[in-house]
Structures are given as structure tokens and as C-alpha cells.
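We count ligands from 1, going down the list as the structure has it; atoms in each ligand are counted the same way.
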Amino acid sequence: KNPSKLIVILTIITYSISMPCTTNAISINCLPPSDIQLRLRSDSDAIAAASNDFGNLVQQTPSAVLYPSSVDDVVQLIKLSNDCPTPFTIAARGRGHSVRGQAAAHGGVVVEMSSLRRNGSAGIRVSWEASLGYYADVGAEQLWIDVLRAGLEHGLAPVSWTDYLYLSVGGTLSNGGISGQSSLHGPQISNVLELDVITGKGDLLTCSKEMNSELFFAVLGGLGQFGIITRARIVLYEAPTRAKWVRLIYNDFSKLTRDQEHLISLGDMNGPNYVEGSIITDKSPPNNWRSNSFYTASHQAKIHSFLKTNGGLLYSLELVKYYSFPDDDDTIDQEVELMVKDLSFIPGLVFKKDVAHVDFLNRVGSMEKQHMNWDNAHPWLNLFLPKSRIMDFNDGVFVNIIRRHNRTSGPILFYPLLKQKWDERMSAVVPEDEDIFYTLGLLHSTKRSESHVFDDLNNEILEFCSKNGIKIKQYLPFYESKEDWMEHYGSKWSTFQERKAKFDPRMILSPGQRIFTSVL
Ligand code: FAD
């Protein structure tokens, strides 16, 4: 009846027949007539879009892309794969903002989660319960910017964020979701009350700390290995209206970290709501796509002149205190003054802004369209570093490797996080035996033809850590061998493996992470 749908089915069938008989090729026998076929596409546009990601570094071609119109479509697809003698792999794709193919399914099926947003989404519903307080039930395909907007309609907002809000809820919950609020509230995965998850066996389950708790903790930071999240219940609180936003420039690394750690120890009442930091060099200047909205031209000139007299390396501490206008208007300046007054930044190098709370949270989104080159390659490296070794890391990496590097890179983020805010039972890994660890984000952006220069830089840093016994953990990890994954998970590896055997025994989900490449 509908010729275009017929063409799609025929295309898939033709494509499947013409595929070499690899383990991941979708066998035609595995696609019995069903509604789901109408939502599978294998035309070149669909395949091309699902083969690449924000990194622009790897191409991994799926056999087909599912544009689900309901959660049930995803259930059907996973069950279909399980019914095959040789199952095909399946990857949920949130926004494809991974950098090395983590949301890809080479030869398998990519599930374009944004399609649920248009069709069968759980949407965003704000509620309140005496035992839970305010929360939002959110479709996992939703973007954090939309969660923010929906919350603000009720004067509410999530407590924990990423710097950039055009990321999917399911994507960040599969990694961690960190920003300057994480030292106070924990990462986004610590602020989830409940999830709906379709396991690798095709079971749709609701889970929380109390119900199906093993699945709940497995999925949080679980790199998509155990199930596809379809709904998350996210903690909300009363949103402030404004933010005092301060950046302080340092030339002494030990003073920077001492002040960062002091600030995150102050807590909610007396301390900032947000603490980050960054490294400034000629090649990673203060004005970049993450912060162009902050410094005026004269601020930048001032920082650059200090950069020259400080050996080409400075550090920045960024803090924010939220407030509500007009209620806190009389006291907020004094509060911020108290926080800053005893800190050891370079005298005079303090820069302040007063912005709407929503503009602060969406600071990167409002800049990226103008300043980020989406066609560039993004060979990012994100690490968690043990606090006990950050002085060695500074000497070896910031003072030496980074300062010597002669190509323009991108922002370099560096700020502390508290281990106690990360529940040990979650799949996410952080450095062992340290109460405080630092996150480093090398957010390189370069011409595709030059990405190898930054790969070399990243490798030099990783080798430096390995040679000097600095036990780092990668955040948004990328490893090529099973041994590396085992080392990454450390004492959590056996649990991670057991959970995989329990929830996705046929190794169907998230093959782009390259953790389980054969059946256990
Ligand atoms: P995708 O890249 O699509 O997916 C990531 C992984 O999660 C894949 O394995 C995928 O299969 C899986 N997945 C996706 N959806 C689901 C689901 N519903 N259920 C189960 N598994 C799923 N991270 C931070 O923590 N803090 C930041 O401040 C931050 N800023 C960023 C800024 C930019 C410009 C970019 C590009 C990335 C940033 N990130 C940040 C990284 C970001 O958290 C990751 O890219 C993350 O993967 C989210 O992106 P996504 O929604 O596109 O997920």
C-alpha cells in the first residue's frame, strides 16, 4: 500500500543479502515480517549519519538504523537479535557526541534515540512526592537543555550538569555527567532516582536503589553495556534566578589546587555552587568556544601579557555562586567577596560577571554554533587523576608536554571532584584510594588531517603517567584491548563482567565501546 515503505524493506533485504556473512551482518532470516521493519532504514543518508560522531575520527558503518516510534520498537529489535542464531549488535545513539565511535554498531543496528523524542517519548514530566521531593521523569533521548527549560517552567532545575547541555540524558548517564557542580552534588549519575531500562535480553524493567538495584547500578556509568535506558527520574530543586561568575588567574599550581580544594570543602551554604579550572597557554588561550562570552578584549590582553612574563603557562580557577533576585541581592556580593578574599590568585587578575542562572548553565551552547568547528576532528582525552600525584602531573604534563606543544588545541579543563559523591556500586570508575581526584579535559579541535598530532600528544601524556606510576582512569574511555579494559575497571572488573553475563549475555549492546568483542 505504501511504496516508500516497501522500498525501505527491499533495500534492507538487498543490503542484507549483499553483506558478507560476518557475525554482525543482519541475517535475512532474522527479520520476519514485523512492524519494526518499517522503521529500519539503510539508505545512504541514514547510514552515513550513524557511521560518524562528534570526534570525526572513526567511521563505523551499521547495516541499518532504527528510528523507533515507541519504546516497544526497541524491545522488539533487541528480542529479534536474541532470536537470531548469530545475534546482530545494537547501539543506542543519543546525540553521537562520543569521539571514537562509542555509539556506533559496525555491521549492526544503530537506534536513533532522538526519534523517540518526536514519536513515542516519555517526554518530561515534573512531579513532587513527600518522600522524594521534586523530580522529573524524562525520556532518555531528551537533551539536558530541554530538561532545564521544562524544569524552569515550574521554577525548578536539576542540581548536577554537564558544561554543554545539548547532550542526551541516556548518553551522559551511561558515562557519568560531570561539571563544576559535581564536587557539591556528585555527577549526574548520582542524582537519578529511578530508571526504565531494556536489558540486552529485551526485558523492559524499572530499577532504582531499592528495585532491581543491580541493574540500576550497572547502567549508571555502564557505557551502554547492560541495557538501553528509556526513562530517567531526575532530582530537581528550586532553581535560583542568577549567578555570580568569577574567574581568578594563578601562576602557581600548588596555590591553584589548594584554593580549589578549599572551595569544594566549604559545602552548600558557605561555598560556591560550582568550581572548575583550566590551563592557559599560547596554544590554549583563555578565549575559546567554551569561554568566549566571558572575557572582554581588554581582559584577554591583560591575561596575555601575564602569560608572557610567566613562561607561557597560567592557571584559571572558575567559581560561581547562585542567588535569587531580589531576595539575596543585598548580601550576594559580600558572600562572594568573603569566598575570594583569602585566595592566592595573582593580585588584580580577578574577573567577574553577573548573569541569569539559565545563561550560565547554557554558556557553552550559546557559543558553540559561532566558535566550534563541527567539521574538525576532536581527539579528546579526558582523565581522572589521583590527587596525591597532581604535582608530578603538573611538572610532567602542564609545564613540560603541554607547554612545549606547538599547535593550537582547545580548552584544557582541570578541577577537583570528591570520591564520596560517587556510589561505589555504580559502574563508573574513579581513581581508587583517593578522597579527592582531579578531572582533566583536553578538548582538542583540529583539521582531520592533523588529528594524529594530537593522538601523539595524548599518547605522550598517557605514557608519562604509566612510566611514573600515576594511576589515572580515563573518563569517556577509549581502549583497544581487553587487558586495558580490565586494568581500567580494576577491582570492579569481575562485577562488570558478571553483570554483562546477566543482562546482555549475547553481547548485543554498545559494541562501539569495544569492551566485549566475543561471547564470555
Ligand atoms: P552518545 O555519544 O550518543 O552515546 C554515548 C554512549 O552511551 C554510547 O555507548 C551509546 O551507545 C550509549 N547510550 C546513548 N544513549 C543511551 C541510552 N539511552 N541508554 C543506554 N546507552 C546509551 N561530558 C561531561 O560529563 N561533561 C561535560 O561537560 C561534557 N561536555 C561536552 C561537550 C561537548 C561539546 C561534547 C561533544 C561532549 C561533552 N561531554 C561532556 C561528553 C558527553 O557526556 C558524552 O559525549 C556522552 O556520550 C553524551 O553524548 P550523547 O548523548 O551524544 O551520547
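The distance from ligand 1 to the heavy atoms of M113 drops below 4.0 Å at these ligand atoms: 18 (N). Proximity to G96 (heavy-atom distance under 4.0 Å) selects the following atoms of ligand 1: 1 (P), 2 (O), 3 (O), 52 (O). Those atoms of ligand 1 with a heavy atom of A140 less than 4.0 angstrom away are 18 (N). Counting the atoms of ligand 1 from 1 in the order shown, those under 4.0 Å from a heavy atom of G224 are 21 (N). The atoms of ligand 1 that sit less than 4.0 Å from any heavy atom of G227 are 20 (C). Against a heavy-atom cut-off of under 4.0 Å, G177 is close to the following atoms of ligand 1: 25 (O). Each of the atoms 24 (C), 25 (O), 26 (N), 27 (C), 28 (O) of ligand 1 lies under 4.0 Å from some heavy atom of I178.
For ligand 1, the polar-atom distance check finds an N/O of I229 within less than 3.5 Å of one of the ligand's N/O atoms. Considering backbone and side-chain N/O of W380, none are found under 3.5 Å from N/O of ligand 1. Among the atoms of T162, none of the N or O lies under 3.5 angstrom from an N or O of ligand 1. Note: an N/O pair closer than 3.5 Å links R95 and ligand 1 by distance alone. At a 3.5 angstrom cut-off on N or O pairs, G94 counts as close to ligand 1. Below 3.5 Å of separation, one finds no N or O of S179 facing any N or O of ligand 1.
Heavy-atom proximity to atom 49 (O) of ligand 1, evaluated over R93, R231, H97, is greatest for H97. When the heavy atoms of L143, V111, D163, N175 are ranked by distance to atom 46 (C) of ligand 1, first place goes to N175.
Checking Y438 against E261 by side-chain atom types alone, a donor-acceptor pair falls below 3.5 Å. For the residue pair E318 and S278, no side-chain donor N or O sits within less than 3.5 Å of a side-chain acceptor on the partner.
The residues E141 and R117 are annotated as not salt-bridged, no charged nitrogen and carboxylate oxygen being separated by less than 4.0 angstrom. With salt bridges taken as basic N to acidic carboxylate O contacts below 4.0 Å, one links E450 and R407. With respect to D53 and R95, no salt bridge is recorded, no charged nitrogen being found less than 4.0 Å from a carboxylate O. Salt-bridge annotation for R39 and D73: present, with a side-chain N of the basic residue lying under 4.0 Å from a carboxylate O of the acidic one. Ion pairing between a basic and an acidic side chain is recognised when a charged N comes within 4.0 Å of a carboxylate O; K502 and E214 show such pairing.
Counting protein heavy atoms only, atom 30 (N) of ligand 1 is closest to Y164 CB, 3.9 Å. Protein heavy atom closest to atom 39 (N) of ligand 1, with residue, atom name and distance, is L167 CD1, 3.8 Å. For atom 48 (C) of ligand 1, the nearest non-hydrogen atom of the protein is G171 C, 3.7 Å. Among all protein heavy atoms, the one lying closest to atom 8 (C) of ligand 1 is Q102 O, 3.4 Å. Closest to atom 5 (C) of ligand 1 among all protein heavy atoms lies S98 OG, 3.3 Å. Nearest protein heavy-atom contact of atom 6 (C) of ligand 1 is Q513 NE2, 4.0 Å. Ranking protein heavy atoms by distance to atom 7 (O) of ligand 1, first place goes to S174 CB, 3.5 Å. Among all protein heavy atoms, the one lying closest to atom 51 (O) of ligand 1 is S168 OG, 2.7 Å.
Taking the six-membered ring where the residue is Trp, W144 and W161 present perpendicular rings, their angle passing 60° and hence far from 30°. Note: H488 and W485 have perpendicular aromatic rings, judged against thresholds of 30 and 60 degrees for the angle between ring planes.
Around the CD atom of Q59, the shell of radius 6.0 Å holds more than 12 heavy atoms that belong to other residues, nucleotides or ligands.
With a 4.0 Å cut-off on non-hydrogen atoms, A103 touches ligand 1 through its backbone as well as its side chain. Both the backbone and the side chain of A92 come within 4.0 Å of ligand 1, judged by heavy-atom distances. Looking at L476 against ligand 1, only its side chain comes within 4.0 Å, counting heavy atoms.
Both tests hold for R247 against F294: distance to the six-membered ring centre under 6.0 Å, angle to the ring axis within 45°.
Within the structure, salt bridge (charged side-chain N to carboxylate O under 4.0 Å, His left out) pairs that include any residue of residues 176-200 comprise E194-R231, E194-R233, D196-R231 (at least two apart or interchain).
Using a non-hydrogen distance threshold of 4.0 Å, Y475 registers as a contact of ligand 1. Remark: distances from the non-hydrogen atoms of G176 to ligand 1 are all 4.0 Å or more.
Considering every non-hydrogen atom in both R41 and I47, the closest pair reads O-CD1, 4.4 Å. Of all the heavy atoms in A243 and Y322, the pair that sits closest is CB-CD2, 4.0 Å.
The one candidate from V99, L383, N175 that meets the side chain to side chain contact (heavy atoms under 4.5 Å, CB included) condition with L476 is N175. S183 pairs in a side chain to side chain contact (heavy atoms under 4.5 Å, CB included) with only one of the listed residues (L263, T439, I264), which is I264.
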